[in-house]
Amino acid sequence: MITFLKRLTNKNTQINKPVFRFCTANPSNNDVLGDYVIKSKMSGHSSENLYEKYKNFYNVQIEKINIPGTTIVKNRDQAHKVVKILKSLPNREHAWDTETVDVDAKLESPIGKGKIICASAFCGIDVDFGNGPRLFIDNFAQNTDLILIFKEYLEDSRYKKIWHNYGFDRHIFYNHGINVQGFGGDTMHLARLADPSRGPKEYSLANVTKHYEEEIKYLKRSLIDDLRKSIQVNTQELQTVLTALQKGADLPHEIIQKFQLHRFNSRDEQIHFINDQMQKWLIKKQPAYLYEKYYLNTNLKTNMKQLFGKKKYLKDGKEGKTIEFPNTIRMHTDPELIEKWVHYSCLDAEITFFVFQVLKDELKSLSTNFEDMRNMLDLYNKYWKPFGEILTDLERRGFELNLEHLDKIRVQAENDMIKLEKQFLDWVCSTQQGVEQFNYSSAQQLQQLFFAPFKRKKRVTKDKIDANLDEKEKKDLEGIKNFEENSAIDDEDDNFRQESFNEQNEDYDEDDDEESPQKKKRLFKKAKPQEDDDDGYLSDGRKKSVRKEEDDIPQTKAFKVLNIKGIIPEGKKKPPKQLDMNITGLGLDVINLTDSGMPAADLPVLKILAGNPKKGNYGAIGEYYKQKGDEEMGKKASQAIESLIQLKQVETLLTTFIIPLRELADKDGRIHCSLNMNTETGRISARKPNLMNQPSHDKDVYKIRSAFQAGKGKKLIVADYGQLELRILAHMTNCKAMIDAFKMGGDFHSRTAMGMYPKLKEEIEKGELLLEWDKSQGEPPAPLLKDKYSSERKKAKMMNFSIAYGKSAHGFSKDWNCSMKEAQEALDAWFADRKEVKEWQDNTKKIALEHGYTQTMMGRYRNLERLTHSKSARHLVQHGLRASINTPIQGGAADLVIAAMVKVSKDPKLNELGYELLLQIHDELILEGPEEHAQEALARVIEIMENPLDTPLLLKMEVDAKVGNNWYECK
DNA sequence: ACACTGGGCCAC
DNA sequence: AAACGTGGCCCAGTGT
């Protein structure tokens, strides 16, 4: 428990903690900077409410600032004028963005926390808000809540607002009492739809902009040119303008517009002169002119780092690596920063506007013929756009938690840990001296204890390897590799590669047919500069490592531990904070290796070590001590490891589920996660906290799921699809055997087993074996398949689940501890009556290899070029091939559930009954609504989920749904 | 004190 | 080199 408590107080904070200054608080004073130096942690969990705190201050900088082409709303009058202009533009998209205070987006939800410090909007280069097309709205200090003047407009669905990461801004607006309506699109989602495979960090506004830089530049230029072309200027008008100018009169808008866009090429000196004069005069009048003059060629990237980042200085005066940012209040009030700040803020909205237009074109070029859709833009409008808004609804709604229950199980779990830790540590201490502070949470210490001494393979980061490659090597890697040499191991893969090689060299540039695969291939803009073999990223966005040289680990190794007893070593006066703890390894046979070549000490390994002490099986550790002639110690060790296994499980439940749930719940006890469309297959993911990986029924020993409850007087409906992905597979492959099996109903896995083993089929045909039996009809007249051949059924079930993931004979042989031949036979048996699946898989892989993409059921594309490109390393190609057959299934299921959610959320009957969606977990929907309408709503939910699409699939979608008071009950 | 990496584990 | 796909997150250890 000591180590556990120590860890709780030693959490990584990940918070930037800048010191900031605020300008004068008194409008009558001079704008002296630094009158107030406020030290603030700006932590997300800070109780300080800076927005409220400064509402009586006066930000002189906002009053002073004046930027050509940028309309800065500094007071109520200007706000009303701008609203009027916004409302005069109902037929175009309005791009919006906000900057915020009092919320740390990395750590916490913007729901109920965080305020707008300023907002910006952009509706096109031809819109003049008073001082140009860029719009910046102050909402801080003297202008606190100025944004409320825009409330009516923002809540009016006639005006379509577009965003980059809508959810965040929508929640922040809601914190001001503004419920934004008229969702016009989210460029983050558009970019994902266009190409979901660019890497986890490539969908920030800055990176999306960079990706489409050329297109955006072209678009901006052509917008200006179009305006110019539409305007003809004659000499008479020119004279009128000149005269008017000399008199200093205001000219009609139309006339001004003509002149500000016209280029007086080489008419004569006078015209040039007039034009110059006029431009000087017009500079404050014309949005597009201003836009062209000041912003057309500005840097497109909206990178915070470039604008505001400063390298932190170390104590010795050298530049450090970490980059610091001033906080938003500082940037909003500092005379040296505010211009850049306004520019940055406006650029976000502006670039969102342009990126949106470019992405619309991009999506139009990606075709599909699913349902009535023609391309990805249709798909976006029909499904992804409404779904994007639904996700923000779910985030806002949250899920009610039973906090008392969480507190109760937290105490239970902590007490269990104390007991289990003692049981384990007692044994560890009996193996050697001085290991009282052994940390069971440390994989390294466990490795050391059980397996040292051993040889490990040292990992080196990819960066370092790249740096070590000399130029020649790099060139070699970039060059075209020999096909034979680089081809895959499997014969089938060899065939694919050979074919793709041939086709790529034939007629590549000829085909202009829209539907031709060659055309499609070119639809993906090349992502990052192609690396030689790897994208270099882990699934969570972190840099990958690569194996390299070997390295020995000694039998005894030191680990640092806290000096809790305050021991003073010889020759020292003060107790050091840390001491060395030596762990001497037992030298057990290594059971499994980690990715980096270290001996693994994970659950399967520990289970092998422990055996099953309750049944008298003392596992590998028992065997180890037996050979040393100490059977008693073997028993103790086995029991200790058994405790360790439980201990680790309890620890996981406590630290990843119970404690974070409690801490992230809002003041009303509801938990709001963030739901993201950020996967390569089109599934969603959840964060802060991840509500999609809560322990399932059998692992949920503390009943964590029962803490997710319906509100007072309400019920939950939990509805999930049965074998959704297998049904999608059956549909997409048009596999007769699978479709029939699903049509017959009953236990699908038993049916699979029957198809795999002729012997079982025979018995069933003879009536000696039953596929299933309704127990209410009494005892079955013959044995059931799932009882008599449970191991066959188990195998069939495992294969059903893993084959869609692309699992190979090698994987099965490892899992089942059997020979490759046996595993291959099982695989062949599975495919025996499912030839269509095999054909489809082969064909899909072929397309992936040839053209570098795969498509989901709805026609969504996943770009696999990085993996299947001929330059890619073999293991990456194989990964790409598995992904190519998995994505249509997983992504197709995601498509279908999205369709179901869109239907559910706008269903008039469910709305009337008061039932609302709370959460989606891939194939499961959770709704909440009034108790009295539960059954009616249940039936309706099932009805919708079974028929989510306009055109039905080849087989029925089966839905299992339950009503209950909490998530645990609804199993 | 913070950022990053490796190991491990939860879900579908 | 890897052998089952898609995610998020917690902890320890180490480098800066």
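In what follows, every chain begins at residue 1, and chains take the letters A, B, ... in the order their sequences are listed. FYI, side chains are in, hydrogens and waters are out, and symmetry mates aren't considered; it's all heavy atoms of this structure.
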A:Arg687 CZ to C:dC9 P: how many Å, rounded? 6 Å

To the nearest Å, how far apart are A:Leu562 CG and C:dC11 C1'? 15 Å

When we call it a touch if two heavy atoms are under 4.0 Å apart, what does A:Gln890 touch: a base, just sugar-phosphate, or nothing? base

Write down the distance between CG (A:Leu675) and P (C:dT6), rounded to a whole number of angstrom. 20 Å

Taking A:Asp195 first and then A:Arg198, would you say they form a salt bridge - that is, a charged N and a carboxylate O separated by under 4.0 Å? yes

Gap between atoms CG and C1', on A:Asp923 and C:dG7 respectively (whole Å): 14 Å

Can a salt bridge be assigned to the pair A:Glu642 and A:Lys607 using a cut-off of 4.0 Å between side-chain N and carboxylate O? no

Whole angstroms only, please: what is the NZ-P distance between A:Lys648 and C:dC9? 20 Å

Using the test ring pair (Phe, Tyr, Trp, His ring centres under 6.0 Å), find all partners of A:Tyr702 that sit at least two apart in sequence or belong to another chain. none

Could you identify which residues of residues 798-808 of chain A place a heavy atom less than 4.0 Å from some atom of DNA chain C, listed by residue number, or say none? A:Tyr805, A:Gly806, A:Lys807, A:Ser808

Below 4.0 angstrom, which residues in residues 689-697 of chain A have at least one non-hydrogen atom near DNA chain B? A:Met692, A:Asn693, A:Gln694, A:Pro695, A:Ser696

So, is A:Thr887 near the phosphate of C:dG5, with a side-chain N or O under 4.0 Å from OP1 or OP2? no

Between the side chains of A:Ser706 and A:Asn966, is a donor N or O closer than 3.5 angstrom to an acceptor N or O? no

Does A:His810 have any ring pair (Phe, Tyr, Trp, His ring centres under 6.0 Å) partners at least two apart in sequence or in another chain, and if so, which? none

Short side-chain N/O contact to B:dA11 OP1/OP2 from A:Lys699, under 4.0 Å: yes

Any base atoms under 4.0 Å from A:Asp815, or only sugar-phosphate, or nothing? Heavy atoms, all strands. base

Name all residues meeting the ring pair (Phe, Tyr, Trp, His ring centres under 6.0 Å) criterion together with A:Phe708; count only those two or more places apart in sequence or in a different chain, and write none if there are none. A:Phe399, A:Trp967

Once you round it to whole Å, what is the distance between P of C:dC4 and CD of A:Gln841? 13 Å

With sequence neighbours excluded, residues passing side chain to side chain donor-acceptor pair (under 3.5 Å) with A:Arg834: A:Thr752, A:Asn800

Does C:dT6 have its OP1 or OP2 closer than 4.0 Å to a side-chain nitrogen or oxygen of A:Arg862? yes

Which label fits A:His697 and A:Tyr968: parallel for a plane angle under 30°, tilted from 30 to 60°, or perpendicular past 60°? parallel

Specify the separation, in whole Å, of atom CD of A:Glu725 and atom P of C:dG7. 13 Å

Between C:dA1 and A:Arg874, is there an OP1 or OP2 to side-chain N/O distance shorter than 4.0 Å? no

Given C:dG8, is OP1 or OP2 found less than 4.0 Å from the side-chain N or O atoms of A:Ser685? yes

Decide whether A:Ser441 and A:Glu651 meet the rule of one side-chain donor and one side-chain acceptor closer than 3.5 Å. yes

If you measure only the distance, is there a donor-acceptor pair under 3.5 Å linking the side chains of A:Arg687 and A:Ser674? no

Figure out the CG/P separation between A:Leu827 and C:dA3, and round it to whole Å. 16 Å

Please determine whether a side-chain nitrogen or oxygen atom of A:His879 lies at a distance below 4.0 Å from atom OP1 or OP2 of C:dA2. no

